[in-house]
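Reviewing the structure listed below.
Quick note on labels: first sequence line is chain A, next is B, and so on, each numbered from 1. Small disclaimer: the values here were computed from a predicted structure and weren't measured.
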Amino acid sequence: MTVLRALIRKDINVYLHDRRAVILSFALPAALTLFFGLAFSGSKRAAEAPKIPTLVVDDDRTPGSQRLAAALAADPTLAAKPAARDEARDAVKDGRFGVAVVIPAGFAATTAAALGGAAARAQLEFIYDPSSPFSLQIAEGVVHGLVVRALAPDVSKERLEACASLAEPYRAERRPAAGGETYDGAAHAVGGMAVQFILMGAIENAVAILTDRQRGLWRRLRAAPLSRATLLASKIISGALLALLVLGFLLVFGRVTLGVRVQGSGLGLLLVGVSFALLASSVGVLVSTLGKTPQATRSVGIFVVLIAVMLGGAWFPSFLFPAWLQPITRLFPSRWAVDGFDAMTWRGLDVSAAIFPAAGMLGAAAIFAALAAWRFKWEE
Amino acid sequence: MLEAHGLRKRFGTLVAVDDVSFSAAAGTCVGLLGPNGAGKTTTVSMVAGILRPDAGEVRIDGGAIQGDSDPRKRRLGLVPQEIALYDELTAEQNLRFFGALYDLAPEPLARAVGEALKLVGLADRGRDRVKTFSGGMKRRLNLAAATLHDPDLLILDEPTVGVDPQSRTSIFDNLEALKARGKAILYTTHYMEEAERLCDRIVIMDHGKVVANDTLRGLSARMPARRLLRVELAAPGDGWLAELGSRPGVESASLADGVLTVGLTDLGLSGEILAWLAGRGLAIEHVATEKADLEGIFLALTGRELRDT
């Protein structure tokens with residue numbers, strides 16, 4: 001019994017002194033549980049139910065259309081704001097808004113006439129984000145209910161009662177903001193997995209740097225006429241090239257197995273890919289300067305990568321996140337990368353849509369590289 | 001070729017190297033000898049430009065190394081204590097990489113790789129991955145990697161640790177060949193027989209300081225005793241060592257782990273010493289005599305066995 005007790009006590013002691021094991025067993029599952037719990041506990045957080053980010057373009061500018069716009073702004077299901085047509089299209093195109101409702105000129109008069117029995121129908125335009133089809137459906141439902149109420153003052157009470165059964169006093173035209181007609185989960189998966197595994201590769205790069213140092217390889221490098229700047233640059237560039245290799249492989253694999261196509265700009269995709277590869281590589285070098293041992297660095301690095309890819313929307317499209325989480329995820333460079341890949345693949349956007357995420361990632365890469373250079377301990 | 005003057009390095013409160021000076025001329029081998037922790041690796045790290053000394057300087061042909069990418073580093077080749085090779089790569093790929101660090105053009109590099117592999121007897125294993133090599137083969141390749149750019153000074157930090165006798169002999173042959181080609185060699189070891197075989201001059205270090213710097217012949221000549229009597233005692237007790245040391249013909253006397261080592265001017269005095277010990281009631285278990293060697297020199301200089309840590 002004493003031996004058994006001693007063995008058990010020893011096992012527990014050894015386990016508790018192994019920081020990596022403790023992190024993997026407790027901290028990581030706790031963090032993941034917290035993330036999923038907070039992100040997908042909508043049923044218990046009714047007060048914070050997400051509103052559909054909506055833009056209302058009033059090209060009619062009549063009392064009827066203004067009442068409709070005001071009713072949309074006041075609706076608790078939507079977070080509606082007024083906007084000009086071009087501004088609305090761009091905002092939906094880059095995913096900041098799920099849908100834009102365009103009230104064309106003459107809409108109120110034509111629709112009021114339709115309610116009065118006329119045959120003509122005005123056309124109400126819905127510009128929507130293909131990644132967020134449910135936003136379109138909800139917005140359509142809300143608009144349908146509000147049109148009659150908003151235009152009621154322009155129609156006699158008798159006609160209103162008579163046309164109660166009139167299903168559609170206007171025609172709805174649904175128009176995707178850009179590119180593909182619908183969200184392409186396969187294309188998103190290619191981008192998401194590229195982000196995840198390139199970041200994982202960056203952590204492995206960090207581990208390799210620390211292992212080289214541990215194995216004495218750096219003594220040989222230090223003895224050569226080699227500056228720290230050259231060494232750091234070589235690590236960042238080699239890491240970035242490997243990252244691009246992974247990205248290229250996944251794009252080809254996605255094309256062959258899932259039919260994923262680059263519907264947007266090829267140049268934009270290259271820009272996003274190179275920026276993200278440099279970002280990931282800089283992260284890897286920075287992690288190597290912070291880590292003490294390869295083992296500890298790997299476990300902490302994987303933890304950080306999992307959080308970054310989840311919040312970046314690499315696993316699930318970010319539109320599934322609750323409203324309170326959305327602004328937080330936009331702070332993560334992994335989100336910029338996922339959004340950039342989405343924009344260039346299934347969203348089918350042009351190169352201009354790649355500039356913002358690429359600039360953000362290059363800026364972050366520069367900051368991480370500078371931090372790595374500052375922290376880098378070249379001497380033994 | 002190499003001059004080290006007043007090198008000093010401190011790590012926190014520990015002074016690892018304190019006022020160490022020595023030099024090495026072309027075509028000679030200088031041995032840095034001392035137990036683990038004596039400061040040998042710190043010293044070679046400063047010589048190789050890996051560590052910046054807190055004080056003192058290293059000069060290569062009169063010029064000090066300035067900065068990480070100083071071209072003077074091309075004149076040095078370091079064989080680190082660790083097997084600093086990429087296991088995943090072949091022997092040739094490793095050598096090509098380390099040669100490229102010295103800006104060798106493709107053709108001279110290919111020639112240097114072939115010559116280096118030939119030098120260490122691995123010409124037929126160049127395309128094999130290093131992870132398939134034995135420990136001795138890795139050690140030889142470790143040496144080859146430092147010779148690619150034809151350095152004038154080769155710095156070897158305990159290059160034979162864990163090596164089988166055959167590979168050790170091979171490494172010695174390689175080093176003697178390099179020395180014959182005019183290379184200066186700085187060789188750290190705690191193996192006496194290596195220093196005795198290879199080195200023209202020996203710098204003995206202990207606790208970060210140089211305790212002797214001379215040729216082997218010079219060190220032997222400086223020894224207070226050239227003849228040693230070793231006596232294994234059953235129960236040495238204490239209070240008699242100083243008296244023994246003051247006896248006529250006794251030049252040194254030390255006791256470690258029950259073994260009494262007595263330096264004598266003449267081994268003919270051995271019987272007299274043994275009788276004196278027996279007269280003190282000390283039980284003698286084993287007796288041996290030997291000529292002074294480097295081990296004895298180290299013991300005499302530091303009062304410690306060389307393999308003490």
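Between B:R129 and B:E88 there is no salt bridge, since no side-chain nitrogen of the basic residue lies less than 4.0 Å from a carboxylate oxygen of the acidic one. A salt bridge is absent between A:R220 and B:E82: the closest approach of a Lys/Arg side-chain nitrogen to an acidic carboxylate oxygen does not fall below 4.0 angstrom. A salt bridge does not link B:D18 with B:K9: none of the charged nitrogens is closer than 4.0 Å to a carboxylate oxygen.
The backbone N or O of A:L278 sits nowhere less than 3.5 Å from a side-chain atom of A:S281 that would complete a donor-acceptor pair.
For A:F376 and A:W218, the distance between ring centers is under 6.0 angstrom.
The residue among B:V79, B:D70, B:L85, B:I83 with the most heavy atom pairs within less than 4.5 Å of chain A is B:L85. Interface summary for chain A: among B:G67, B:S69, B:A48, the most heavy-atom pairs under 4.5 angstrom belong to B:S69.
Screening residues 19-45 of chain B for salt bridge (charged side-chain N to carboxylate O under 4.0 Å, His left out), with sequence neighbours left out, gives B:K40-B:E158.
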Using residues 252-261 of chain A as the side-chain source, report each donor-acceptor pair under 3.5 Å to any protein atom, sequence neighbours left out, with the distance given to one decimal.
residue : atom : partner : partner atom : Å
A:T257  : OG1  : A:F253  : O            : 2.7

List the atom pairs, with distances to 0.1 Å, where a side-chain N or O of residues 95-106 of chain B and a protein N or O form a donor-acceptor pair under 3.5 Å, not counting sequence neighbours.
none

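When the heavy atoms of residues 224-239 of chain A are compared with those of chain B, the residues falling under 4.5 Å are A:A224, A:P225, A:L226, A:S227, A:R228, listed by number.
Both the backbone and the side chain of B:T41 come within less than 4.5 Å of a heavy atom of chain A. For a residue to count as touching a neighbouring chain, one of its non-hydrogen atoms must lie under 4.5 Å from one of that chain's; by this rule B:N142 touches chain A with backbone and side chain alike. Interface remark: B:L78 contributes backbone and side-chain atoms alike to the contact with chain A (heavy atom separation under 4.5 Å).
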